[in-house]
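Please read the structure below before turning to the comments.
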Number of protein chains: 2
Amino acid sequence: MGLRKSTLEEVAAAAGVSKMTASRALRGAPDVSAETRQRVLEATELLGYVGNRLALSLSSQKTNLVAVVVPSMSNIVFPEVLAGISAGLEGSGMQAVFGLTDYDARKERDVIRDMLSWRPSAIVVTGLDQPEDTVKMLRSADVPVIQIMDLDGTPIDFNVGLSHGKAGEEMARALIAAGRKRFGYIGSALERDLRAAKRKAGFERVLHENHLSFIGQRLGDTLSSVGLGKYLTHQLLRAEPNLDCIYYSNDDMAVGGAFAGLEASRSGEILMAGFNGLDLAAALPLRIATSKSPLRMIGEIAGRLARGSTAPNLPSTGKIIAFVPEITGVHQG
Amino acid sequence: MGLRKSTLEEVAAAAGVSKMTASRALRGAPDVSAETRQRVLEATELLGYVGNRLALSLSSQKTNLVAVVVPSMSNIVFPEVLAGISAGLEGSGMQAVFGLTDYDARKERDVIRDMLSWRPSAIVVTGLDQPEDTVKMLRSADVPVIQIMDLDGTPIDFNVGLSHGKAGEEMARALIAAGRKRFGYIGSALERDLRAAKRKAGFERVLHENHLSFIGQRLGDTLSSVGLGKYLTHQLLRAEPNLDCIYYSNDDMAVGGAFAGLEASRSGEILMAGFNGLDLAAALPLRIATSKSPLRMIGEIAGRLARGSTAPNLPSTGKIIAFVPEITGVHQG
DNA sequence: CTTGTTACCGATACCGGTATCGATAACACC
DNA sequence: GGTGTTATCGATACCGGTATCGGTAACAAG
């Protein structure tokens with residue numbers, strides 16, 4: 001059991017052949033006799049040889065890396081997408097590499113630059129709102145760029161997701177159709193979570209079309225969480241007791257809101273609407289309304305695009321894959 | 001704006017210097033005149049040059065990679081740990097690379113082998129229960145190995161986590177001290193989630209010491225989730241209506257259980273106990289008992305160990321960093 | 001015996017950087 | 001003028017693989 005990582009050269013020496021022959025044997029290339037191949041495999045086993053991908057990738061000018069850049073891991077949304085990407089890559093020999101931006105554009109640029117320095121065979125980034133210099137960097141990287149989650153903007157290359165503006169609009173229409181009239185809004189950190197801001201803007205557009213507006217709103221400045229949603233809902237309900245519907249920036253916040261409603265003994269009256277369609281929300285004893293965003297599917301398709309395989313059964317063709325979220329849990333009030 | 005990735009050679013040519021001088025200029029090495037450095041930087045900007053880490057790492061025999069191998073992303077536990085690792089690595093120039101095992105030992109071995117082929121400067125793996133061949137591979141890799149989450153076993157090198165056996169024991173003691181007598185258990189996929197199995201075993205040890213045992217239990221075979229916890233709890237409560245306490249494999253399941261209790265109008269009576277101390281559970285309108293596992297902290301310390309910096313204020317010294325989970329939410333019954 | 005074919009293998013160049021050592025020029029000093 | 005010192009730069013080797021081409025031995029065919 002060698003303590004230092006052994007090289008192909010050493011394996012070859014142990015097998016009594018040249019480096020080149022050892023390389024061929026390990027890759028299952030032709031032009032190697034069965035006996036020689038056997039000896040090389042034994043030497044490999046003996047030395048615990050593990051190939052060096054750095055050398056392989058440098059030499060072959062190819063990597064099996066897919067760079068994935070997401071804002072955060074602090075709620076279940078992005079992990080779900082990442083799991084989807086991993087699943088979409090499964091069996092391709094490709095490996096996803098994740099980088100976090102903390103919803104910070106500068107950090108995003110640095111992370112992307114760092115990722116590109118590994119010469120990945122594809123890069124997946126979240127959203128369409130990268131600043132110009134970041135876009136320029138991605139464009140000149142000569143790598144397939146897959147922008148996920150959002151559709152509202154101009155994609156660089158591939159684009160998988162849904163229109164958050166429309167998602168907000170549709171939710172507003174559904175709630176108005178269900179007879180809701182007195183709306184509140186609760187969200188957080190909208191200057192960073194641009195997709196949540198787009199949903200809110202879409203929602204408000206439809207409210208205005210119907211000569212309505214948010215009666216009251218509360219905006220937190222930390223990232224969304226169940227606890228924050230609960231806290232802000234208590235606040236908002238104290239200030240505006242006669243709301244009959246609250247739109248939240250996402251399901252985490254809405255679930256918190258539902259708990260707050262429960263604690264305030266006002267469960268049935270006020271309809272809480274979120275976004276994402278988390279499993280958690282489905283298991284809740286309280287009904288919240290939500291738009292089901294196909295997080296895992298978005299990840300899987302991104303993964304399949306990254307591996308370059310033709311993805312079957314896509315909801316639309318071409319380089320833009322659009323989903324329309326299904327709205328559930330809206331009931332008359 | 002070059003479409004193909006440019007090389008240092010090209011940058012050097014554009015600046016009218018040799019490759020070597022360009023390399024020095026970009027790394028801020030000495031022996032470069034201010035004027036030359038300026039010309040190189042301009043050429044870099046012009047060509048949109050992004051260094052090639054493959055070449056750099058191969059040449060320097062060093063990578064900035066930290067390999068991280070976790071079982072899953074489907075609940076918030078591991079994302080939380082990953083976020084901690086990222087935070088612990090912040091500012092070090094190191095980059096975490098994640099691989100998923102789906103709680104499958106064979107897949108774990110393959111993922112670890114694949115990770116090692118990138119010659120990471122450290123590798124973080126989940127748990128201490130790797131099969132012998134995997135351990136051998138890690139041992140001979142000549143890389144710091146950091147095993148996280150669990151302490152019950154023999155570590156290869158560094159070890160950060162807590163004893164899940166003891167966590168189960170302590171929870172049982174606390175519940176018994178609070179007057180609970182009729183215990184049930186609900187979990188899932190224990191043959192894969194070995195840490196949950198250890199907690200259960202610890203819990204049962206203390207039950208037996210007190211001449212008690214689980215009156216009834218339900219084991220799912222899919223991964224834990226809020227929905228599954230709710231479903232199994234309904235089942236168990238029908239079969240064993242006189243339970244006064246249920247121990248769950250984790251908080252996800254326990255939260256589902258709490259919801260089930262709510263739906264069955266038996267909220268106050270039965271104490272549900274989980275594990276992890278998720279934020280979600282804290283925001284719940286219902287009290288569940290839990291052991292707070294410092295997930296993010298475990299990740300951060302693993303990250304700090306990986307970057308090789310001395311981590312200040314560690315709860316213990318040496319290569320084993322042990323945490324003791326805090327139990328909350330246990331009330332008399 | 002010569003020639004051609006096939007199977008197997010090795011020598012060499014290269015991927016894109018960095019380490020190392022040596023070269024050159026400018027300048028100071030004796 | 002000869003010599004030493006310093007600042008700046010380039011040529012070369014190397015990291016650990018793979019692509020490519022050429023070489024050798026064995027054997028069959030003429």
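So you know, we letter chains A, B, ... as the sequences are listed, proteins then strands, and number each from 1. As the structure is a computational prediction, the values presented were derived from the model and not from experiment.
When the P atom of D/dA7 is taken as reference, atom CZ of B/Arg24 falls 14 Å away, rounded to whole Å. Here C/dA11 presents its C1' atom at 12 Å from CD of A/Glu9, a figure rounded to the nearest Å. Atom pair A/Glu10:CD and D/dG16:P shows a separation of 8 Å (rounding to whole Å applied). Per the geometry, CZ belonging to B/Arg37 stands 13 Å off C1' belonging to D/dC9, to the nearest Å. For the pair B/Met20 CE and D/dC14 P, the computed distance is 16 Å after rounding to whole Å. Rounding to whole angstrom units, CG of residue B/Leu54 and C1' of C/dG17 are separated by 10 Å. The CG-P distance, from A/Leu58 to C/dT18, rounds to 12 Å in whole Å. One atom, CG of B/Leu8, and another, P of C/dC15, lie 13 Å apart when rounded to the nearest Å.
Side-chain contact check for A/Leu8 versus A/Glu10: every heavy-atom pair is 4.5 Å or farther apart. With contacts defined as side-chain heavy-atom distances shorter than 4.5 Å, the pair B/Thr126/B/Arg195 qualifies.
At the heavy-atom level, B/Arg27 lies under 4.0 Å from the strands shown only through sugar-phosphate atoms. Residue B/Ser33 is classed as a sugar-phosphate contact, given heavy-atom separations below 4.0 Å to backbone atoms only.
For the pair B/Gly16 and A/Leu56, both in contact range of DNA chain D, the more 5′-proximal nearest nucleotide belongs to B/Gly16. When each of B/Val50 and A/Lys19 is assigned the nucleotide of DNA chain C bearing its nearest heavy atom, the one mapping closer to the 5' terminus is A/Lys19. When the nearest nucleotides of DNA chain D are assigned to B/Ser59 and B/Glu35 by heavy-atom distance, the more 5′-ward of the two goes with B/Glu35.
Contact annotation: B/Ser23 does not reach the phosphate of C/dG17 (side-chain N/O to OP1 or OP2, under 4.0 Å). Between A/Tyr49 and D/dG16 there is no side-chain polar atom (N or O) within less than 4.0 angstrom of OP1 or OP2. Side-chain nitrogen and oxygen atoms of A/Thr36 include at least one within less than 4.0 Å of the OP1 or OP2 phosphate oxygen of C/dC9. Phosphate contact (OP1/OP2 of C/dC9, side-chain N/O of A/Thr21, threshold under 4.0 Å): absent. Phosphate contact (OP1/OP2 of C/dA19, side-chain N/O of B/Gln61, threshold under 4.0 Å): absent.
Contact of B/Ser18 with D/dG10 (side chain to base): no donor-acceptor pair of N or O atoms is detected under 3.5 Å.
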Handout entry: Test side-chain contact (heavy atoms from CB on, under 4.5 Å) applied to A/Phe323 and A/Val160, step by step
Key = CA-CA 8 Å; A/Phe323 288 94; A/Val160 187; 4.0 Å; yes
Exercise for the section: Run the numbers on B/Arg109 and B/Asp133 for salt bridge (Lys or Arg N to Asp or Glu O under 4.0 Å), then give the verdict. Expected result: CA-CA 8 Å; B/Arg109 189 199 53 198; B/Asp133 59 341; 3.3 Å; yes
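Counting only heavy atoms from C-beta on, B/Asp31 has its side chain closest to D/dT8 among C/dC9, D/dT8, C/dG17. Considering only the side chain of B/Val32, D/dC9 comes nearest among D/dC9, C/dG17, D/dG16.
Residues B/Arg304 and B/Glu300 are paired through a salt bridge, judged by an N-O separation under 4.0 Å between the basic side chain and the carboxylate. Between A/Arg53 and B/Asp114 there is a salt bridge, since at least one side-chain N of the basic residue sits less than 4.0 Å from a carboxylate O of the acidic one.
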